[in-house]
Amino acid sequence: MVLAGAGSGKTRVITYRIAYLIRNKGVPPGNILALTFTNKAAGEMRHRIDTLLHRGSSTGLWVGTFHSVFARLLRSYIHLIGYDRNFSIFDSDDSKSLIRQSMTELGISHESVPVNTVQSLISRAKNSFVMPAEFQRSAGDYNQQKAAQIYELYTRKLRENNALDFDDLLIKPLELFNEHPAVLQELQNLFRYIMIDEYQDTNKVQYLVAKMLGAAHRNIFVVGDDAQSIYSWRGADISNILNFQDDYKESQTFKLVENYRSTGNILKAANSVILRNERQIKKELVSHRSAGEPLTLIEAVNERHEAEKAGDYIRSMRMRDGYEYRSFAIFYRTNAQSRVIEDVMRQNRIPYRIFGSVSFYKRREIKDAVAYLRFIINERDSESLLRIINFPPRKIGDVSIGKLKDFAEVEGISLYDAIRRAEEGGFQTRLVTALNAFSSVIETLREVASAGTVYDVLSELFTLTSILVLLQAENTPESLARHENLQELLSMARDFSDHNPEAGSLGDFLENISLASDYEETQDSDNYVSLMTVHAAKGLEFPVVFITGLEERLFPLNTYEPEELEEERRLFYVAMTRAQEKIFLSWAQSRYHYGQAQYCLKSTFISEIDPSIVRTEGGSLLSERSAQQKPQPQSAQSSFSRGYPSKIPARPLQPGPSFAAPKPARSGLREGTKVHHAVFGPGTVIDVQGTGAKEKARISFRSAGEKTLMVQYANLKIQ
């Protein structure tokens, strides 16, 4: 096992070993199996090997992703377990379609259990090598029980279709090996040298496949870094790398700790943080470079102020130190955080590009919600109408829409008028009911828009459609990300409404969004600031890195279990070790959440960094401030060694009412009070505790279940 620390040249290890085995030891390429996680990594590995050996010398070498290699093997052997060799591989959409068919046959409605939830639960089970019968026995809540029924039928249907889904490409080899030991023995003799890249990212099935193939010769060579294990939500199991020496007691472990990327202070910070994790293989990165500068801690009033400070530092370092825009990266924990940063970058004419996602205003759920707002003020906007008529799903299909268009054309009316007059069109009762429900939502939103704010309109939209509740109930990584993005849109609307109490019309709000969404991010240039989540940053490097949103419940993100907190800490470690020369750490004293301004606590991760290498914007080290026991006045003359401004001049901030100090609440809430929440909808108060700013209410919501909310932030409306 090679434990390759961040920036230690890990990508060379496997390629040079393969080249050495072939050129120096005379190992036939066909006896070597090298497994990676991405097609890109596999392609780069093969290219490097060809370069080292001269093209053609690696013919017969097995290099590829787990899925591609085992798809190739199954083409030769799958007939032994009852499939035809010309099996189909179902993609995600094919898989969903088959799951829907299974649900229909079982009489399970798509409304009671979302298809995406079922797909996610089945995938998770397969990656943990949990078969339908075992899943049925261990199923807990309602969703799991229904998914267990569907899983069994879905598995049968895949076989009937002579098809495998993506997860089956790993499951079926295990089934093959267990049922046909002779095949396993044949492959063990073929693959005498097994190498696995990014071993910390393997799941249970990948671990078992590798272990079975390597059992005969026990010649397995893995490269990875337990400190960069950040994908448990995809099924990755850090235990695989932590327990490697237990599985292979005669194995040797080599630690690559010399980092060629980052300065000494950056590595000192990363080492001091990751040291807090209990589940790890101890190692300490050492720098190939000088100590460099201390990290800089930015404290902002709110998320916009945080983004503005980042923009100011970027401009300053470009002017004073000659950095290009491409030298900078801004990291955040969740995709929804990009919205404010994008806005500030555009306003300051700083070119940027989003990596691993799309621009906030181009995300599907944002465009859907905005289409509602457009249609409210312009019912002739048929493009927006067609976008929202099935958001959320209302079972109004293309055939029905075609009939509506025909009806509108015959009557000489708009498509929306045709919807309102659907009863005159002779349509089926079910369709008329769905259309009436849709037009009712639109008319209600229009009434709210005539007297209320943009925030009021969006809040009512989310309540009437229950879209946030539906996304939360779906409970997949994708649905939860969409949920966060819609919450961020709600927060944006609240911010807009608070700061434009008189001139903030719905039209003005939409105009701002239009200008933002039309922005050409890269401006036809490759010189731009990179914006991305920390997960998307793994494997990349930048001279200057901003790590934003370092607040409790954001980074670390809602962690309740020790294992979750340790993974968040590894994620922070990954963020820091992307930087080559300089790190800025930033947090905001308040941040919008659910459309409400909430006060924030500085992330515990900041306090875990050695304070002797963290400097405030005023120029003092945290260790000095700690020794003095109280903050000293910042000197306007203090400066950084590379000419960074000692104190970025903040734009005049006039925080709206949301940022005022909280006043004692006089809520009038008591047990049995009927209330309405902008996100969770209608509910009944179960219990009230505390008074004033500490008053909390436990509420049973009709759609969202039981929640405990701080009354001063919840903005509850008593019914």
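One is the number of the first residue; the rest follow in order along the sequence.
- Of all non-hydrogen atoms in Asn127 and Arg234, the two that sit nearest each other are ND2-O, 4.5 Å.
- Annotation: side chain of Leu550 is in contact with side chain of Phe572 (closest heavy-atom distance under 4.5 Å).
- Side-chain atoms of Ser88 do not come within 3.5 Å of backbone N or O of Ala163 as any donor-acceptor pair.
- Side-chain atoms of Gln119 do not come within 3.5 Å of backbone N or O of Pro114 as any donor-acceptor pair.
- The number of heavy atoms from other shown groups lying within 6.0 Å of CD (Glu152) does not exceed 12.
- Between the CG atom of Asp610 and the OG atom of Ser272 there is a distance of 5.5 Å, given to the nearest 0.5 Å.
- Between the Asn259 side chain and the Ala6 main chain, a donor and an acceptor come within less than 3.5 Å of each other.
- Val115 and Arg100 get closest at one heavy-atom pair: CG2-CG, 3.6 Å.
- Put simply, the side chain of Arg578 does not reach to within 4.5 Å of the side chain of Met576, judged on heavy atoms.
- Glu566 places a side-chain N or O within 3.5 Å of a backbone atom of Glu278 that can act as its donor or acceptor partner.
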Candidate pair Ile230 and Tyr573, rule side-chain contact (heavy atoms from CB on, under 4.5 Å), full reasoning: CA-CA 10 Å; Ile230 58 174; Tyr573 173 87; over 6 Å; no
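- Between Ile547 atom CD1 and Phe584 atom CZ the span is 11.5 Å, to the nearest 0.5 Å.
- Two residues are said to be in side-chain contact when any heavy atoms from C-beta on lie closer than 4.5 Å; Ser612 and Lys268 meet this criterion.
- Arg218 places no side-chain N or O within 3.5 Å of a backbone atom of Glu250 that could act as its donor or acceptor partner.
- Note that NE2 of His67 is 10.5 Å distant from CG of Asn39, once rounded to the nearest 0.5 Å.
- Between the side chain of Asp50 and the backbone N or O of His47 there is no donor-acceptor pair closer than 3.5 Å.
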Which donor-acceptor pairs under 3.5 Å do the side chains of residues 18-32 make with protein atoms, sequence neighbours left out?
residue	atom	partner	partner atom	Å
Arg23	NH1	Leu52	O	3.2
Asn31	ND2	Leu190	O	2.9

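- Every side chain to side chain contact (heavy atoms under 4.5 Å, CB included) that Ile220 has, sequence neighbours left out, goes to Ile194, Ile196, Ala210, Val222, Phe244, Tyr248.
- For the atom pair NZ (Lys255) and CG (Leu285), the distance works out to 11.5 Å, reported to the nearest 0.5 Å.
- Taking the side chain as every heavy atom from C-beta outward, Tyr83 and Lys172 approach each other to under 4.5 Å.
- Contact between Asn265 and Gly292 at its shortest, heavy atoms only, is ND2-O, 2.9 Å.
- In this structure a side-chain-to-backbone donor-acceptor pair under 3.5 Å is missing from Gln145 to Tyr142.
- Salt-bridge formation is not detected for the pair Arg156/Glu105: no Lys NZ or Arg NE/NH1/NH2 atom is positioned less than 4.0 Å from an Asp or Glu carboxylate oxygen.
- For Ser239, the side chain to side chain contact (heavy atoms under 4.5 Å, CB included) test picks out Asp237, Asn243, Arg279, with sequence neighbours left out.
- Residues Leu164 and Leu74 form a side-chain contact, since some pair of their non-hydrogen atoms from C-beta on lies under 4.5 Å apart.
- Between Asp225 and Lys10 there is no salt bridge, since no side-chain nitrogen of the basic residue lies less than 4.0 Å from a carboxylate oxygen of the acidic one.
- Contact of the Phe66 side chain with the Val205 side chain is not registered, since no non-hydrogen atoms from C-beta on lie closer than 4.5 Å.
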side-chain contact (heavy atoms from CB on, under 4.5 Å) between Leu170 and Gln206, worked out: CA-CA 7 Å; Leu170 299 181; Gln206 291 161 333; 3.5 Å; yes
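- The six-membered or imidazole ring of Tyr193 lies away from that of His217, with a centre-to-centre distance of 6.0 Å or more.
- Judged by distance alone, with hydrogens and angles left aside, the side-chain atoms of Asp201 form no donor-acceptor pair with the main-chain N or O of Ala236 at under 3.5 Å.
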Residues Leu585, Phe605; criterion side-chain contact (heavy atoms from CB on, under 4.5 Å); working and verdict: CA-CA 10 Å; Leu585 309 167; Phe605 293 158; over 6 Å; no
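- Annotation: side chain of Arg570 is in contact with side chain of Ile274 (closest heavy-atom distance under 4.5 Å).
- Of the charged side-chain nitrogens involved, none lies within less than 4.0 Å of a carboxylate oxygen, so that Glu474 and Arg482 do not count as a salt-bridged pair.
- To the nearest 0.5 Å, atoms CG (Asn527) and CZ (Phe328) are separated by 10.0 Å.
- Ring pair Phe542/Phe331 is perpendicular by interplanar angle, where above 60° counts as perpendicular and below 30° as parallel.
- The minimum heavy-atom distance linking Phe37 with Thr65 is given by the pair C-CG2, 3.9 Å.
- Heavy-atom neighbours of Phe166 CZ from other residues, nucleotides or ligands within 6.0 Å: at or below the threshold of 12.
- Seen from the ring of Phe87, Arg75 counts as a face-on cation partner, given the 6.0 Å and 45° thresholds.
- No side-chain heavy atom of Val118 sits under 4.5 Å from any side-chain heavy atom of Lys146.
- Minimum heavy-atom separation, Ser232 to Glu567: OG-OE1, 2.9 Å.
- Taking every heavy atom of both residues into account, His535 and Leu571 meet most closely at CE1-CD2, 3.6 Å.
- Note on ring orientation: taking the six-membered ring where Trp is involved, the planes of Trp62 and Phe191 are perpendicular (angle over 60°, cut-offs 30° and 60°).
- In this structure, CG in Asn86 is found 7.5 Å from CG in Asn162, a value given to the nearest 0.5 Å.
- Using modelled atom types, no side-chain atom of Ser128 and backbone atom of Ala125 make a donor-acceptor pair closer than 3.5 Å.
- Below 30°, between 30° and 60°, or above 60°: for Tyr528 and Phe355 the angle between ring planes is between 30° and 60°, a tilted geometry.
- Among the candidates His288, Gln580, Glu541, the single residue satisfying the side chain to side chain donor-acceptor pair (under 3.5 Å) test with Arg261 is Glu541.
- The backbone N or O of Phe555 sits less than 3.5 Å from a side-chain atom of Ser603, completing a donor-acceptor pair.
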Worked check of side-chain contact (heavy atoms from CB on, under 4.5 Å) between Thr533 and Thr334: CA-CA 6 Å; Thr533 64; Thr334 66; over 6 Å; no
